[in-house]
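Data first, discussion second: the structure below is written as structure tokens.
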Amino acid sequence: KQEVTQIPAALSVPEGENLVLNCSFTDSAIYNLQWFRQDPGKGLTSLLLIQSSQREQTSGRLNASLDKSSGRSTLYIAASQPGDSATYLCALQGSSNTGKLIFGQGTTLQVKP
Amino acid sequence: NAGVTQTPKFQVLKTGQSMTLQCAQDMNHEYMSWYRQDPGMGLRLIHYSVGAGITDQGEVPNGYNVSRSTTEDFPLRLLSAAPSQTSVYFCASSTGYNEQFFGPGTRLTVL
């Protein structure tokens with residue numbers, strides 16, 4: 001059974017720091033992997049989607065990488081800002097295109113001014 | 001585009017009551033799903049659909065029913081509400097191979 005793990009559960013950093021959020025999965029047969037942001041009491045906002053055949057995707061200060069062989073994805077946030085404070089979730093689709101996502105528990109990020 | 005919309009935003013039920021959570025999308029997406037989010041448990045899949053007339057169970061389907069008569073709508077029915085169904089419910093849609101879009105959620109409390 002596919003399992004998705006995000007460590008650490010919480011992270012606090014000073015403003016301006018570059019940081020990496022980790023996501024690991026147990027089965028390398030994935031269709032795609034998506035990173036989301038969730039603000040308290042709000043829904044999920046899609047940040048980046050990496051297809052199985054891709055190694056990384058970039059959007060602004062965000063860069064997501066995917067290494068299927070090691071079962072890892074990372075979300076790199078450059079020059080962090082207080083507005084980046086939120087919970088970051090990774091989720092993947094298994095080996096087939098079913099629209100079903102398996103989520104990690106998330107990393108709650110606090111960026112201190 | 002309104003994207004994915006969910007109604008109601010908040011709901012309080014008594015044990016044993018039934019209700020329907022509404023979900024609609026205007027992006028002509030084939031795939032739609034329902035998730036529940038609970039502290040310490042993350043988001044878990046309840047039911048999903050790969051097209052009108054096609055639905056299947058996810059990880060935690062008990063106590064919930066779905067149908068998909070149109071591409072746009074995917075309602076979630078609670079047959080007889082229980083306190084264990086107190087949660088935040090999210091609906092999502094996608095083309096399958098592209099990113100998934102989530103609605104704003106419904107916060108449900110069952111007393």
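Keep in mind the model is a prediction, meaning the values are calculated, not measured. Sequence lines set the chain letters: A, B, ... in the order given, protein chains first and strands last, and positions in each chain run from 1.
In this structure, chain B has no heavy atom under 4.5 Å from any part of A/Leu48. With a threshold of 4.5 angstrom between heavy atoms, B/Arg107 approaches chain A through side-chain atoms but not through N, CA, C or O. Contact of B/Met41 with chain A is made through the backbone alone, with heavy-atom distances under 4.5 Å. Interface remark: B/Asn98 contributes backbone and side-chain atoms alike to the contact with chain A (heavy atom separation under 4.5 Å). B/Leu45 touches chain A through its side chain: at least one heavy atom from C-beta onward sits under 4.5 Å away, while N, CA, C and O do not. For B/Glu30, no part lies near chain A; criterion is any non-hydrogen pair under 4.5 Å. Looking at B/Glu59, only its side chain comes within 4.5 Å of chain A, counting heavy atoms on both sides.
To the nearest 0.5 angstrom, B/Phe90 atom CZ is 5.0 Å from A/Gln38 atom CD. Taken from CG in A/Leu44 to CD in B/Gln37, the straight-line distance is 6.5 Å, to the nearest 0.5 Å. To the nearest 0.5 Å, atom CD of residue A/Gln51 and atom OH of residue B/Tyr97 are 10.0 Å apart.
Heavy atoms only, all atoms of each residue included: A/Gly99 and B/Ser33 are closest at O-OG, 3.5 Å. Residues A/Gln34 and B/Glu99 share a closest heavy-atom pair of NE2-CB, 3.2 Å. Counting all heavy atoms, side chain and backbone alike, B/Tyr35 lies closest to A/Lys100 at OH-C, 3.9 Å.
Atom CZ of A/Arg72 is surrounded by 12 or fewer heavy atoms from other residues, nucleotides or ligands within 6.0 Å. Heavy-atom neighbours of A/Arg55 CZ from other residues, nucleotides or ligands within 6.0 Å: at or below the threshold of 12.
No single ILVMFWY cluster, assembled from side-chain heavy atoms under 4.5 Å apart, contains both B/Phe102 and B/Phe74. One hydrophobic cluster, built from ILVMFWY side chains closer than 4.5 Å, holds both A/Leu47 and A/Phe25. In the hydrophobic clustering of this structure, A/Trp35 does not group with A/Phe103; members are Ile, Leu, Val, Met, Phe, Trp, Tyr whose side-chain heavy atoms approach within less than 4.5 Å, directly or through other members. Cluster annotation: A/Leu62 is connected to A/Leu21 through the hydrophobic network of ILVMFWY side chains, with a link wherever side-chain heavy atoms come within less than 4.5 Å. Follow the hydrophobic side-chain contacts under 4.5 Å out from B/Val66 and you reach B/Met32 in the same cluster.
Most heavy-atom pairs under 4.5 Å with chain B: of the set A/Leu101, A/Asn32, A/Leu89, A/Thr98, this distinction falls to A/Leu101.
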